[in-house]
Asker: 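Once you've had a glance at the structure underneath, I'll fire off some questions.
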Protein chains: 2
Amino acid sequence: MPIAEQKKQAANGSGNESGTLDRYSLGERLRQIRKENGWTLVEVAKRSGLATSTVSKVERGLMSLAYDRFMQLADGLEVDVSELFTPEGESFAPESFAITRAGEAGHHETDLYVYDMLGADLSHKQMVPMFGIIRAHDVRDFSEFVKHPGEEFLMVLEGELEVHIEGREPVQLGVHDSIYFDSGMGHLYVSAGKKDTKIIVVCAHSSAARNNVQT
Amino acid sequence: MPIAEQKKQAANGSGNESGTLDRYSLGERLRQIRKENGWTLVEVAKRSGLATSTVSKVERGLMSLAYDRFMQLADGLEVDVSELFTPEGESFAPESFAITRAGEAGHHETDLYVYDMLGADLSHKQMVPMFGIIRAHDVRDFSEFVKHPGEEFLMVLEGELEVHIEGREPVQLGVHDSIYFDSGMGHLYVSAGKKDTKIIVVCAHSSAARNNVQT
DNA sequence: AGCATAATTTTCCTATAGGAAAAAAGTCAA
DNA sequence: TTGACTTTTTTCCTATAGGAAAATTATGCT
């Protein structure tokens with residue numbers, strides 16, 4: 001079988017529905033990384049402990065490396081393996097930045113709280129910062145705990161906050177007190193004083209998000 | 001060769017210096033994931049399109065899957081491939097939380113700023129939240145821009161802040177104004193008014209940190 | 001226990017991974 | 001252009017991946 005045909009056969013599409021790459025596209029990516037660093041096949045082969053021919057074949061999508069060899073190669077190219085599986089487009093755009101003026105943020109309001117989404121015009125960011133006003137003053141205002149995979153940070157700016165975390169005693173937070181916790185645990189905020197409490201909340205969505213999801 | 005010996009041979013250590021797993025440990029992990037979801041080998045085989053025998057062998061470290069098959073298996077187990085390469089210990093401990101009272105935070109002080117590290121007793125968290133007081137009032141107080149891979153969020157709590165980002169015009173931020181940006185860009189903060197500015201900063205370290213590093 | 005059924009492991013076999021070395025294809029200086 | 005050298009591709013060959021199905025080992029069930 002002529003080489004050219006194998007290539008064509010592998011090259012039907014550069015990726016699939018999910019975030020993964022077929023071996024042909026993966027090869028292109030690996031070659032690109034190698035070129036960027038100005039390394040030759042022989043150099044990478046030496047660094048990774050693989051045969052030169054092997055590296056060449058992988059880069060052209062003629063071969064699909066087994067798990068352990070794959071790790072070796074990634075090591076030789078000095079790339080973190082998980083990066084190879086993160087498609088380019090899903091990462092935060094480098095050099096991007098966004099300013100959100102007080103009061104100009106995307107507004108989200110209910111009886112229980114007001115949330116201003118900050119930096120909302122940036123997508124794929126790791127953190128979701130919000131400015132919030134907690135109108136709820138009683139846990140019974142909520143029907144259930146909030147929970148979402150990831151981590152959450154909160155600081156009280158004004159007022160007194162009562163943080164309820166499922167299975168724990170409520171915690172009182174005053175001005176400039178803060179809390180950091182696993183947001184996978186059920187949680188709720190209520191204002192403790194007479195006035196509504198102003199807070200700043202930053203969520204980080206876990207990369208392991210799919211872990212606990214059951215479809 | 002008896003099966004038992006192959007096992008022993010593969011089981012010399014459960015991981016290596018870097019964050020990667022050998023095929024034996026990887027297998028254990030995969031099996032664990034499968035069990036957690038209550039799936040049988042046959043089910044996973046069907047989901048992933050691999051042969052039952054293959055899945056069995058992989059789980060016992062008798063076989064090392066090629067790249068494409070590996071993706072299929074991960075798909076069948078409904079796990080993100082990159083998660084498999086993130087060692088257990090490096091993730092944020094579930095159910096953990098930490099409260100930092102105002103003024104009780106880990107203090108870090110220089111002529112130019114004061115930083116209180118919040119939630120400092122938690123390790124491996126995705127975000128690093130800080131409360132800061134910017135004493136610097138002139139860009140020339142700094143010898144160079146600060147830059148670190150990842151993303152940064154900042155909100156002004158008190159005073160007026162001037163944010164300098166390398167290659168851009170300085171930005172003025174008033175109380176409750178905020179900014180979100182790629183912290184890989186050089187950046188600096190100086191107080192714009194007479195008084196020192198109080199801010200809250202949250203950094204998220206990029207998982208793609210090694211991307212730009214050249215050794 | 002003994003039988004039935006489900007889950008896992010082994011066997012057996014072919015296709016592919018992957019190394020060593022030869023061949024081919026650049027690259028560049030004289 | 002020719003020759004010396006570097007980089008990449010092909011060939012050839014053995015060890016392993018990986019599927020189908022048989023064999024074995026749970027896990028009930030009456």
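Throughout, a chain's letter reflects where its sequence line sits, starting with A, and its residues are numbered from 1. Quick note: numbers below take in every heavy atom, side chains included, and nothing from hydrogens, waters or symmetry partners. Worth saying up front: this structure is predicted, and the values here are computed from it rather than measured.
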Asker: Could you check how far CD of B/E59 sits from C1' of C/dT8, rounded to whole Å?
Answerer: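 Spelled out: CD on B/E59 to C1' on C/dT8 is 10 Å.
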Asker: Decide yes or no for B/L154 and B/Y189: does some side-chain heavy atom of the first lie under 4.5 Å from some side-chain heavy atom of the second?
Answerer: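 Heavy-atom side-chain distance check passes, below 4.5 Å.
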Asker: Could you pull out all residues at least two apart from A/E104 that satisfy salt bridge (charged side-chain N to carboxylate O under 4.0 Å, His left out)?
Answerer: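 A/E104 satisfies salt bridge (charged side-chain N to carboxylate O under 4.0 Å, His left out) with no other residue.
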Asker: By the side-chain hydrogen bond (donor to acceptor under 3.5 Å, both in side chains) test, which pairs, at least two apart or in different chains, include something from residues 160-171 of chain A?
Answerer: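 For residues 160-171 of chain A, and leaving out neighbouring residues, the side-chain hydrogen bond (donor to acceptor under 3.5 Å, both in side chains) pairs sorted by first residue read A/K147-A/E166, A/E162-A/H164, A/E162-A/Q172.
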Asker: What is the separation between atom CG on B/D68 and atom C1' on C/dA15, rounded to the nearest whole Å?
Answerer: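 The answer, rounded to whole Å, is 13 Å.
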Asker: From CG of B/L65 over to C1' of D/dT16, roughly how many Å is that when rounded to an integer?
Answerer: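 In whole Å, D/dT16 C1' and B/L65 CG are 12 Å from each other.
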Asker: Can you pull every protein N or O that's under 3.5 Å from an N or O on nucleotides 20-22 of chain C?
Answerer:
{"residue": "C/dA20", "atom": "N6", "partner": "A/S53", "partner atom": "OG", "Å": "3.0"}

Asker: NZ of A/K35 versus P of C/dG26: gap in Å, rounded?
Answerer: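 Atom-to-atom, A/K35 to C/dG26, this comes out as 12 Å.
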Asker: Ignoring the backbone of B/R60, work out which of C/dA17, C/dT9, C/dT8 is nearest its side chain.
Answerer: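 Taking heavy atoms from C-beta onward, the closest nucleotide is C/dT9.
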Asker: Within the 4.0 Å heavy-atom criterion, would you say B/K46 contacts the bases, only the backbone, or no part of the nucleic acid?
Answerer: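 Nothing, no heavy atom under 4.0 Å.
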Asker: Has B/R31 got a side-chain N or O lying under 4.0 Å from the OP1 or OP2 atom of C/dT9?
Answerer: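 The answer is yes; a side-chain N or O of B/R31 sits under 4.0 Å from OP1 or OP2.
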Asker: Rounding to a whole Å, what distance do you find between B/L41:CG and D/dA26:P?
Answerer: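 Rounding to the nearest Å, CG of B/L41 and P of D/dA26 are 14 Å apart.
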Asker: Roughly how many Å is it from CD in A/Q72 to C1' in C/dA17, rounded to a whole number?
Answerer: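 Rounding to the nearest Å, CD of A/Q72 and C1' of C/dA17 are 13 Å apart.
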Asker: Ring centroids only, cut at 6.0 angstrom: are A/F145 and A/H187 within range, meaning strictly under it?
Answerer: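 Not close enough - the centres of the two rings lie 6.0 Å or further apart.
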Asker: Quick one: B/L62 CG to C/dT9 P, roughly how many Å, whole number?
Answerer: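 Rounded to the whole Å, the gap is 9 Å.
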Asker: For side chain to side chain donor-acceptor pair (under 3.5 Å), just list the numbers for A/Q32 and A/E28, CA-CA rounded to whole Å, side-chain angles, deciding distance to a tenth of an Å, and then say yes or no.
Answerer: CA-CA 6 Å; A/Q32 187 196 329; A/E28 288 183 323; over 6 Å; no
Asker: Taking only N and O in the side chain of A/R69, is any of them less than 4.0 Å away from OP1 or OP2 of D/dT16?
Answerer: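 Negative; the distance criterion is not met.
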Asker: Just so I know, are the side chains of A/R29 and A/R34 near enough to count as touching, which here means a heavy-atom distance under 4.5 Å?
Answerer: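 No; the side chains remain at least 4.5 Å from each other.
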Asker: Angle, rounded to 10°, between the helical axes spanning five pairs at each terminus of the helix from C/dA1-D/dT30 to C/dA30-D/dT1?
Answerer: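 The helix from C/dA1-D/dT30 to C/dA30-D/dT1 shows an end-to-end axis angle of 30°.
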Asker: Listed by chain and number, what are the salt bridge (charged side-chain N to carboxylate O under 4.0 Å, His left out) partners of B/D177, not counting sequence neighbours?
Answerer: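 Partners of B/D177 under the salt bridge (charged side-chain N to carboxylate O under 4.0 Å, His left out) test: A/R101.
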Asker: Does a side-chain N-to-carboxylate-O contact under 4.0 Å join B/R135 and B/E109?
Answerer: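 Result for this pair is yes, salt bridge flagged.
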Asker: Can you list the residues that meet the ring pair (Phe, Tyr, Trp, His ring centres under 6.0 Å) rule with B/H108, with sequence neighbours excluded?
Answerer: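 For B/H108 there are no ring pair (Phe, Tyr, Trp, His ring centres under 6.0 Å) partners, ignoring immediate neighbours.
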Asker: Taking only N and O in the side chain of B/R34, is any of them less than 4.0 Å away from OP1 or OP2 of C/dT8?
Answerer: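 For B/R34, the contact criterion (side-chain N or O under 4.0 Å from OP1 or OP2 of C/dT8) is met.
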Asker: Take the protein atom CE of A/M63 and the nucleotide atom C1' of D/dT8, then report the distance between them rounded to whole Å.
Answerer: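 Rounded to whole Å, this separation is 15 Å.
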Asker: For a quick check of understanding: with a heavy-atom distance under 4.0 Å over all strands, which category does B/S56 fall into, base, sugar-phosphate or nothing?
Answerer: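 Base, at least one base heavy atom under 4.0 Å.
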